[in-house]
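To start, the structure under review is shown below, and the notes come after it.
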Amino acid sequence: MFKTKCKKAVSKMILSFILITLTLLSGCQKNTTHSAIEFGTIDVSEIDKIELSGTTGGKDGNFSYTLSDQEKKEFVHLLNQVELGDEVDKNQALSSGAVTYYKLYFQGKDVVTLCPGHYFGVDEKYYEFVNFEELWDEFITFNSKQDTSQQDKWDCSVTCAETSETNNL
């Protein structure tokens with residue numbers, strides 16, 4: 001009878017030890033992204049504005065554009081889908097040619113600079129962009145936005161010096 005009680009006690013201790021170990025290990029999952037921002041939790045109401053800037057590569061090719069309210073909603077929805085992996089060396093990330101930056105101005109006065117590309121920059125750190133293939137076309141749409149309000153206006157500074165023949169008759 002003593003052996004049976006002893007075996008049950010030892011079995012309960014071993015089982016308890018296994019359960020405690022599994023519980024502790026499950027709480028220690030690797031968090032590969034140590035970025036300053038959790039993309040899945042961003043709400044558009046937290047952001048005052050989003051500025052897009054970059055360069056087209058040519059002379060005077062620098063541009064800056066503030067996303068409209070609708071574009072801001074769409075961009076935040078896109079960011080909510082971004083999955084980042086391990087941090088990568090900044091030099092490796094910068095050699096991939098990313099030249100478009102987004103500055104997110106949060107209501108709490110925080111400003112976060114993002115640089116999406118094959119590697120995804122968050123402020124001064126770069127990460128593997130896990131779902132790059134899935135989302136990149138949508139980022140290209142935003143990357144190509146520029147302020148076209150000045151391009152659509154007529155240049156009225158030219159005056160016409162000629163008159164038509166019908167006016168001279």
Side-chain angles (χ1 to χ4, degrees), residues 19-158:
L19 288 174
I20 290 171
T21 303
L22 288 174
T23 303
L24 290 174
L25 290 177
S26 67
C28 296
Q29 293 175 351
K30 182 181 179 188
N31 182 4
T32 58
T33 305
H34 300 288
S35 68
I37 190 168
E38 287 294 325
F39 292 118
T41 62
I42 298 174
D43 188 80
V44 72
S45 66
E46 300 171 326
I47 300 173
D48 286 329
K49 71 178 179 175
I50 300 174
E51 288 181 353
L52 163 65
S53 64
T55 182
T56 59
K59 183 180 178 188
D60 300 325
N62 294 338
F63 65 91
S64 180
Y65 175 72
T66 300
L67 299 183
S68 69
D69 286 341
Q70 181 60 36
E71 291 168 336
K72 186 169 68 168
K73 288 178 189 174
E74 293 169 3
F75 188 76
V76 169
H77 176 70
L78 178 58
L79 285 179
N80 290 155
Q81 300 172 61
V82 169
E83 296 175 22
L84 299 181
D86 293 330
E87 187 174 343
V88 297
D89 180 68
K90 184 177 180 178
N91 293 328
Q92 178 185 359
L94 292 177
S95 68
S96 70
V99 293
T100 304
Y101 300 92
Y102 293 86
K103 282 191 178 182
L104 280 61
Y105 292 85
F106 286 87
Q107 290 180 351
K109 306 289 183 195
D110 289 335
V111 178
V112 176
T113 302
L114 305 177
C115 183
H118 185 22
Y119 298 103
F120 204 104
V122 180
D123 290 328
E124 293 295 316
K125 295 183 179 183
Y126 288 83
Y127 303 89
E128 293 175 0
F129 188 173
V130 174
N131 51 346
F132 171 83
E133 296 292 330
E134 180 183 335
L135 300 178
W136 186 241
D137 287 343
E138 292 181 58
F139 274 102
I140 288 174
T141 300
F142 283 101
N143 291 353
S144 64
K145 294 189 182 296
Q146 295 182 34
D147 185 6
T148 57
S149 63
Q150 296 302 316
Q151 295 172 358
D152 295 336
K153 294 183 179 179
W154 288 89
D155 181 4
C156 298
S157 63
V158 178

Exercise for the section: Report the residues that fulfil side chain to side chain donor-acceptor pair (under 3.5 Å) with Glu134, sequence neighbours left out, ordered by chain and then residue number. Expected result: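 With neighbours one apart ignored, the set is empty.
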Problem - Counterpart residues, side chain to side chain donor-acceptor pair (under 3.5 Å), relative to Ser68 (two or more places apart) - result: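 If we apply the side chain to side chain donor-acceptor pair (under 3.5 Å) test to Ser68, skipping adjacent residues, the hits are Glu71.
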Please give me the minimum heavy-atom distance between [X] and [Y], naming the atom from each residue.
| X | Y | answer |
| --- | --- | --- |
| Gly85 | Val130 | N-CG2, 3.4 Å |
| Phe142 | Leu52 | O-CD2, 3.1 Å |
| Tyr101 | Thr113 | CD2-CG2, 4.2 Å |

Just verifying a value: how many Å separate [X] [atom1] and [Y] [atom2], rounded to the nearest 0.5 Å?
| X | Y | atom1 | atom2 | value |
| --- | --- | --- | --- | --- |
| Leu84 | Phe132 | CG | CZ | 13.0 Å |
| Gln107 | Lys49 | CD | NZ | 13.5 Å |
| Leu114 | Phe139 | CG | CZ | 8.0 Å |
| Phe120 | Asn131 | CZ | CG | 9.5 Å |
| Glu51 | Leu104 | CD | CG | 10.0 Å |

Problem - Lys72 side chain vs Thr66 backbone, donor-acceptor pair below 3.5 Å - result: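 Answer holds: no.
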Practice task
Look at the side chain of Asn80 and the backbone N and O of Phe39, then say whether any donor-acceptor pair between them is shorter than 3.5 Å.
Solution key: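 The answer is yes, because a donor-acceptor pair under 3.5 Å joins these two groups.
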Could I get the full list of salt bridge (Lys or Arg N to Asp or Glu O under 4.0 Å) partners for [X], not counting sequence neighbours?
| X | value |
| --- | --- |
| Lys103 | none |
| Lys73 | none |
| Glu74 | none |

Exercise for the section: Could you tell me whether Glu124 atom CD has more than 12 heavy atoms of other residues or ligands within 6.0 Å of it? Expected result: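 Counting neighbours around CD of Glu124, 12 or fewer heavy atoms of other residues, nucleotides or ligands fall under 6.0 Å, so no.
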Side-chain atoms of residues 40-47: list all donor-acceptor pairs with protein atoms under 3.5 Å, sequence neighbours left out, distances to 0.1 Å.
| from | atom 1 | to | atom 2 | distance (Å) |
| --- | --- | --- | --- | --- |
| Thr41 | OG1 | Glu38 | O | 3.0 |
| Asp43 | OD2 | Ser45 | N | 3.0 |
| Asp43 | OD2 | Ser45 | OG | 2.3 |
| Glu46 | OE1 | Asp43 | N | 3.0 |

Practice task
Side-chain contact test, heavy atoms from C-beta onward, threshold under 4.5 Å: evaluate it for Phe129 versus Leu135 and give yes or no.
Solution key: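 Phe129 vs Leu135: side chains touch.
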Problem - Ring centre gap for Tyr126 and Tyr119 strictly below 6.0 Å - result: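 No, too far apart.
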